[in-house]
Amino acid sequence: MSVIEIKNLTKKFEVEGHTVTALSGINLSVEKGDIFGIIGMSGAGKSTLVRSINYLEKPTEGHVLIDGVNLEELSEKELRKKRSQIGMIFQNFNLLEQKNVIDNVCFPLEISGVKKKEARQKAKDLLKLVGLEEKEKAYPSQLSGGQKQRVAIARALSTNPQILLCDEATSALDPQTTASILGLLKKINADLGITIVIITHQMSVVTEVCNKVAIIDSGRLVEVGDVEKIFENPESDAAKELISGKEIRYTPVQILNDVKRIRIVFQENSAYEPVIANTILKLQAPVNILRADTRNVNGKAIGEMILGLPEGEELQNSIIEHLQNSGLFVAEVGENE
């Protein structure tokens, strides 16, 4: 069941007399219980897209439906009520510096008319959930970046949202803190059943926690699907850049000629086999490992290597065929694309 449906969404801005198209014809569905990543380079339009989901940005064209309700058809009062079902956390935390931790978490509840005693108990429960029950009287200036983000998450959960939007929520954090926040989001998704949408420019964030991903490039949706499948076989140039860096491009392996670099992807079942060594022994051909990496992709260990092959089209094809028969995904890496 889709909790978020985006239909032919286009967003344009007027900037100094010129029309800038931030998003163009976006169609996207997010299912209940997903941890859905939306990824793109800076300026791709992903933050505009996430702000369109809760109508902080109203689309120029197209529609956004939450649980089948078209947000365009709601009155301002109805829209505010619907937004209470959509929590949001940001890169810069957006905490009230003059309020302590528990008052920050209580703030949305007080605005919605919840009694103070009930609000404080709710806030205490949420601080325990995010592991900050001992910091309830501290002020934001006394917290680390990771602790501030945990407070922001607790605050976002205070209204019992069905959806949690995370706009670059880990971009300001170090890798270790990022991992702890992503672990917390996975726990929230599993324990509370909240659908989470994560906006990021970091593929490592997507592979760590997301089950689905949409890739935005220059305001357009260029690829969408299961994280594991896109990591194994990225089709768009934007996905290839985000996975392996700007210096690498891929072309279909079928048109291999004298290009000598390939990318292989292996999963847990093939990670324990000495595939490269077996290939070298069987074909009596040198294969250079130019780069290797292993990532956690949605809870599975998936590795990738960039290999340099010896010259000769027949030999190259034999190596590729042997790797594919060993259960590996293989794609050519073009040198000058």
Side-chain angles (χ1 to χ4, degrees), residues 1-32 34-91 161-169 171 195-203 205-206 210-227 230 234-243:
M1 175 183 176
S2 296
V3 293
I4 302 171
E5 290 185 77
I6 298 170
K7 297 183 177 182
N8 198 33
L9 187 148
T10 295
K11 178 64 181 180
K12 298 179 180 180
F13 296 96
E14 293 296 324
V15 180
E16 298 180 351
H18 299 280
T19 300
V20 176
T21 302
L23 297 170
S24 181
I26 302 292
N27 289 284
L28 202 60
S29 293
V30 179
E31 303 296 316
K32 182 176 177 59
D34 276 346
I35 304 182
F36 197 105
I38 297 176
I39 187 170
M41 304 302 287
S42 296
K46 55 191 183 295
S47 289
T48 301
L49 178 56
V50 76
R51 289 171 62 85
S52 299
I53 291 175
N54 59 7
Y55 251 51
L56 290 177
E57 292 286 356
K58 295 187 177 180
T60 307
E61 301 172 17
H63 306 284
V64 177
L65 286 76
I66 304 296
D67 289 329
V69 177
N70 190 339
L71 299 188
E72 184 181 23
E73 298 174 354
L74 300 181
S75 66
E76 284 300 320
K77 182 179 180 180
E78 291 170 332
L79 184 57
R80 285 194 298 271
K81 184 177 180 181
K82 198 67 177 175
R83 281 189 185 131
S84 70
Q85 301 173 17
I86 307 172
M88 193 165 188
I89 58 175
F90 305 88
Q91 178 180 352
Q162 300 176 20
I163 299 166
L164 181 62
L165 306 179
C166 307
D167 189 3
E168 297 281 11
S171 295
T195 302
I196 299 177
V197 177
I198 296 177
I199 302 297
T200 184
H201 64 276
Q202 300 170 297
M203 182 57 77
V205 170
V206 171
C210 298
N211 63 306
K212 299 284 182 64
V213 64
I215 297 169
I216 306 294
D217 186 29
S218 300
R220 296 183 178 275
L221 179 65
V222 295
E223 198 162 351
V224 62
D226 294 340
V227 171
I230 288 180
E235 296 181 356
S236 64
D237 285 346
K240 294 165 189 174
E241 280 191 12
L242 288 163
I243 290 171

Taking every non-hydrogen atom, the tightest pair across [X] and [Y]:
X	Y	result
S171	H201	OG-CE1, 3.6 Å
Y55	E72	OH-CB, 3.4 Å
C210	F36	SG-C, 4.1 Å
G219	I26	O-CD1, 3.6 Å

Among residues two or more places apart or on two chains, list those pairs meeting salt bridge (charged side-chain N to carboxylate O under 4.0 Å, His left out) that have a residue in residues 20-32.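 Checked against salt bridge (charged side-chain N to carboxylate O under 4.0 Å, His left out) - neighbours excluded - no pair reaches residues 20-32.
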Does some side-chain heavy atom of [Y] sit less than 4.5 Å from a side-chain heavy atom of [X]?
X	Y	value
D34	N211	yes
L56	M88	yes
I89	C166	yes
L9	S52	yes
V30	K212	no
I216	L221	yes

Scan for side-chain hydrogen bond (donor to acceptor under 3.5 Å, both in side chains) pairs involving residues 5-18, sequence neighbours excluded, and state none if there are none.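 Every pair satisfying side-chain hydrogen bond (donor to acceptor under 3.5 Å, both in side chains) with a residue in residues 5-18: E14-T19.
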What residue pairs, at least two apart or across chains, pass side-chain hydrogen bond (donor to acceptor under 3.5 Å, both in side chains) with a residue in residues 39-50?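 Only S47-D167 qualify under side-chain hydrogen bond (donor to acceptor under 3.5 Å, both in side chains).
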Would you give the length of the straight line joining atom CD of Q162 to atom OG of S84, rounded to the nearest 0.5 angstrom?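 Answer for the CD-OG pair, Q162 versus S84, is 9.0 Å.
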Return the CD1 to CD1 distance between I53 and I6, rounded to the nearest 0.5 Å.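 So the gap between those two atoms works out to 4.5 Å.
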Going by the rule salt bridge (Lys or Arg N to Asp or Glu O under 4.0 Å), which residues pair with R51 if we only count those two or more places apart in sequence or in a different chain?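 Scan of R51 (salt bridge (Lys or Arg N to Asp or Glu O under 4.0 Å), adjacent residues dropped) gives E57.
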Using the side-chain contact (heavy atoms from CB on, under 4.5 Å) criterion, which residues pair with V69? Sequence neighbours excluded.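 L74, K82.
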All side-chain contact (heavy atoms from CB on, under 4.5 Å) counterparts of E223, not counting sequence neighbours: I215, I230, E235, S236, A239
Under the side chain to side chain contact (heavy atoms under 4.5 Å, CB included) criterion, do I4 and I66 qualify, and how do the steps go? CA-CA 5 Å; I4 302 171; I66 304 296; 4.0 Å; yes
Take K58 and L71 through the test side chain to side chain contact (heavy atoms under 4.5 Å, CB included) and record every step on the way to the result. CA-CA 9 Å; K58 295 187 177 180; L71 299 188; over 6 Å; no
I38: which of L165, T200, I199 passes side chain to side chain contact (heavy atoms under 4.5 Å, CB included): I199
Going through the checks in order, is the side chain to side chain contact (heavy atoms under 4.5 Å, CB included) test met by D217 and D237? CA-CA 9 Å; D217 186 29; D237 285 346; over 6 Å; no
